[in-house]
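Each chain gets a letter, A, B and so on, in the order the sequences are listed, and its residues count up from 1.
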Protein chains: 2
Amino acid sequence: MVSSRSFVVSKQPSLPYPCKRPLIIKTSTQFLVTARFLVNFQELRHRMKVSFKIDKYPAEIKGYRRFNLLGSQEKDLEYTQCDGLAVEFKHLTLKEQRAGGGGKGSKGVNEGSRSVQEELHIITLMTQFSYDGVELNIEATTLPFVVISNQSQFVRAWASILWFNLLSTDPKDVAFFSKPPAAKWILVADVLSWQFSCCTGRGLNADQLQMLGKKLCGSVPNQDSTVTWSKFAKESMPRVSFTFWEWFDAILTLVKAHLENIWKDGYVMGFVSRSAEDALLRTRQQGTFLLRFSESMRDGGITISWVDHESDGSFVRSVEPFTKKELSNIPLYEIIRNYQLLAEENIPENPLKFLYPNIPKDDAFGKYYEHNSEVNSEYQKYMKRRLIMVSERNNDETQSSIASGTPQYISDTLSNDNDIFSPVHGEYCHDAADLGNFINRK
Amino acid sequence: MVSSRSFVVSKQPSLPYPCKRPLIIKTSTQFLVTARFLVNFQELRHRMKVSFKIDKYPAEIKGYRRFNLLGSQEKDLEYTQCDGLAVEFKHLTLKEQRAGGGGKGSKGVNEGSRSVQEELHIITLMTQFSYDGVELNIEATTLPFVVISNQSQFVRAWASILWFNLLSTDPKDVAFFSKPPAAKWILVADVLSWQFSCCTGRGLNADQLQMLGKKLCGSVPNQDSTVTWSKFAKESMPRVSFTFWEWFDAILTLVKAHLENIWKDGYVMGFVSRSAEDALLRTRQQGTFLLRFSESMRDGGITISWVDHESDGSFVRSVEPFTKKELSNIPLYEIIRNYQLLAEENIPENPLKFLYPNIPKDDAFGKYYEHNSEVNSEYQKYMKRRLIMVSERNNDETQSSIASGTPQYISDTLSNDNDIFSPVHGEYCHDAADLGNFINRK
DNA sequence: ACAGTTTCCCGTAAATGC
DNA sequence: TGCATTTACGGGAAACTG
């Protein structure tokens, strides 16, 4: 009845983070672990002391960093109405145990150049059960987690956590990344969409996923396509110096921070290739535009592309992508609202009229426009001013001719033009439950 | 010959800081102290050990925080060609010694509500001189410094350091702020100008100082005017919730960060009252403008004011002041270059033509304009875009009528219109030596 | 409830060592 | 030399305490 399975970790170690990504711990930063004793003996409270340890590795694991786990070493099992018998370790921190002399940087070179983001660590909570003549040493272990020393490692660490929880068959397999398995595309697509739905409330539709699948698999993925760990998060993509996951996550972050409302409305096509975009826009009326994520920017960028029919043909033009830097000054819908093409001695013109396929831009974005607020009493004496985004209209012909030089094929992989505005595909529709649920779902 | 005066602190404790403000130490942040032994016995190197202590206060000083000074406790006196016999303590840090239980915040209430920025602390370096039968214990003490726990306290701490070094007659008087003396305006003016010249290379002229003097003394200051410590850095100015020094330092920081080039050129009048500005501009030709610091913004702001002659009179208009937020997106000279008043279906107009008194704006700022750089190979495929600042031209009459309601008196305190462009007054002209020199100058 | 002060921690930059 | 990693710390915000 009381077995070693009666004592379990109920909150996995995690940093406080907006998007609640658990199982990533930063050194010298406080985190929290809780465990529950699944036996209904209220009398046990204050009679069981819980202690902890980290990483008693078997000898075959080499090159892992060693950590000291700091915090109040022992706590009593407490009883609360809602959690029953439980213990909560707050204010835990991790500090690397360094071989004498080893300063910053460079952990010892280990076989296969495993990165720190691929090191998995485990915390074990220990207690003694002693009741009615029965004595038992019992343990609860956390899931494997990744230890980072700087926030900049967070993105790659999360890739590891996702991959492990997607594919591992043994929840204590800290050597998982010594030969990480490949994943079926269908599973990866699920995770990608779910990252969006859990952060923003809206997942990815079939067209968007197909564009991503092409990037990961090399061509349009089918039922049997697989994605290797290396392709997912280790090797740089062609012609750029960052990995698929770094790029994808940067966009996710950009959307969460600056585009959440229009993303939720389904107004950001986003994951669409330049050639597909060209095909979609060319046949549309003058001034039709769409929003597309940059494929070449590491930190996440979004561009506006619009069609311009002129006497000598139709051109698709795109503005230099906007990044978090620009978007934290002006929301994208305000850029769209006020964008101007300037030309000497001419009335400026806004080329953006209809959101693809044919929604007047104010119908789509009007509800978000900032009202030119009543004169602020504080600054009544001043003229209000605002930033707007402009481009030069006659910026010599070299620029626009590049756009017109894009091949005009219609991507055979495109489905119905209207998909971007339809509800997301059922298969990829998750509710916004936190990531812990995803892990437990398996 | 060898006396206790032979051992002196040669580098006062200080954080690394762009503008080199010494004598402010932040807890848990590394700082440095060096001392020299002014005796030319090379043989003494490695034979004298130097140790340190902090703050052995006499009993009458109550309510000061106590600190532990951490770092390698003892170092040898070394010899170098350029410094002679010297010792350098690097990687020192300060940690507060807190009475048990005292958590964050709230140091014990001390008489007279002295703030932490008014607490002065001293470090003493100690060594033994032993040579040729002579034995001597000798000490070197630092100047009093302020210990802060967050960068946000830096500005107020620097006010303390300036006031102390301006007025103290005893370099070890850590109780200085128990009754801080007032300063002659002439001395304060000197410091204010010198803050600018040391940070930017250009000080303040007589007009600018007079405007500041009025703020501090209540009316145009004369030879006998004095400024109290409270007026300088303790009490809020009328109608705003910040002190003179906080306001002044915020502007200094803004100038240093975003306006240094045009400030050095003398193109920022800056410290000029609204009424003086009005008087200066009204008689000037259409489109004459000047740059004035906001008096109501805590974090530093600068506005552009220009004169607009219309059939029903002349108006001085000002745009809502720009802060570091805006200026880190667009330099002020680019705002001036491209500022536009918009009106429906009209060619936008830039109202800024001549920098006061009559310099065509491109003559003043042209050298800083960004060249619309060659098409960046990375983003060749995109249209270049940029931010510009705009206001609505017909923003209803209520706004402009406020400006026209300003009294039209000509300030009798104004000197020659051209002063802003003439070299700074000799009395306030310092070279850009670092602040340590200022302290030693006394 | 508030204000002064300290702690926390992200994100950028610099330092470090292989 | 470059790269991976850690440390340092400014700045905003939360936490703490009387």
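Per the geometry, CD belonging to B/Glu119 stands 15 Å off P belonging to C/dG4, to the nearest Å. For the pair A/Leu15 CG and D/dA14 P, the computed distance is 17 Å after rounding to whole Å. In this entry the distance linking CZ of A/Arg65 with P of C/dC18 reads 16 Å, nearest Å. If you measure from atom CD1 of A/Ile25 to atom P of D/dT6, you get 15 Å, rounded to the nearest angstrom. Atom CZ of A/Arg156 and atom C1' of D/dT5 are 9 Å apart (whole Å). Rounded to an integer number of Å, the gap from A/Phe31 CZ to C/dC8 P is 15 Å. Counting to the nearest Å, the C1' atom of C/dT5 and the CZ atom of B/Phe67 are 11 Å from each other. Atom CG in B/Leu94 sits roughly 12 Å away from atom P in C/dT7 (whole-Å rounding).
Counting any heavy atom pair closer than 4.0 Å across all strands shown, B/Gln30 reaches sugar-phosphate atoms only and no base atom. Within 4.0 Å (heavy atoms only), B/Ser149 reaches at least one base atom of the nucleic acid.
In this structure, the ring of B/Tyr64 has its center less than 6.0 angstrom from the ring center of B/His121.
Across the interface with DNA chain C, nearest-nucleotide mapping of A/Ser152 and A/Thr29 shows A/Thr29 to be the residue nearer the 5′ end. Remark on DNA chain D: of its neighbouring residues B/Lys26 and A/Ser28, the 5'-side contact belongs to A/Ser28, judged by nearest-heavy-atom nucleotide. For A/Thr27 and B/Lys324, each mapped to the nucleotide of DNA chain D holding its nearest heavy atom, the one lying further toward the 5' end belongs to A/Thr27.
Between the side chain of B/Lys75 and the backbone N or O of B/Val87, no donor-acceptor pair lies under 3.5 Å. The main-chain N or O of A/Leu143 is found under 3.5 Å from a side-chain atom of A/Gln12 such that the two form a donor-acceptor pair.
Checking C/dC10, C/dT5, D/dT6 against every side-chain atom of A/Val116, the shortest atom distance belongs to D/dT6.
The aromatic rings of B/Phe196 and B/Phe248 sit perpendicular, their planes meeting at an angle over 60°, well past the 30° parallel limit.
Scanning atom types as modelled, no donor and acceptor separated by under 3.5 angstrom connect the side chain of B/Asn150 and the base of D/dG10.
Close to C/dT5, at under 4.0 Å from its OP1 or OP2, lies a side-chain N or O of B/Gln117.
Ion pair A/Arg65/A/Glu119 flagged as a salt bridge, since at least one NZ, NE, NH1 or NH2 atom sits closer than 4.0 Å to an Asp/Glu carboxylate oxygen.
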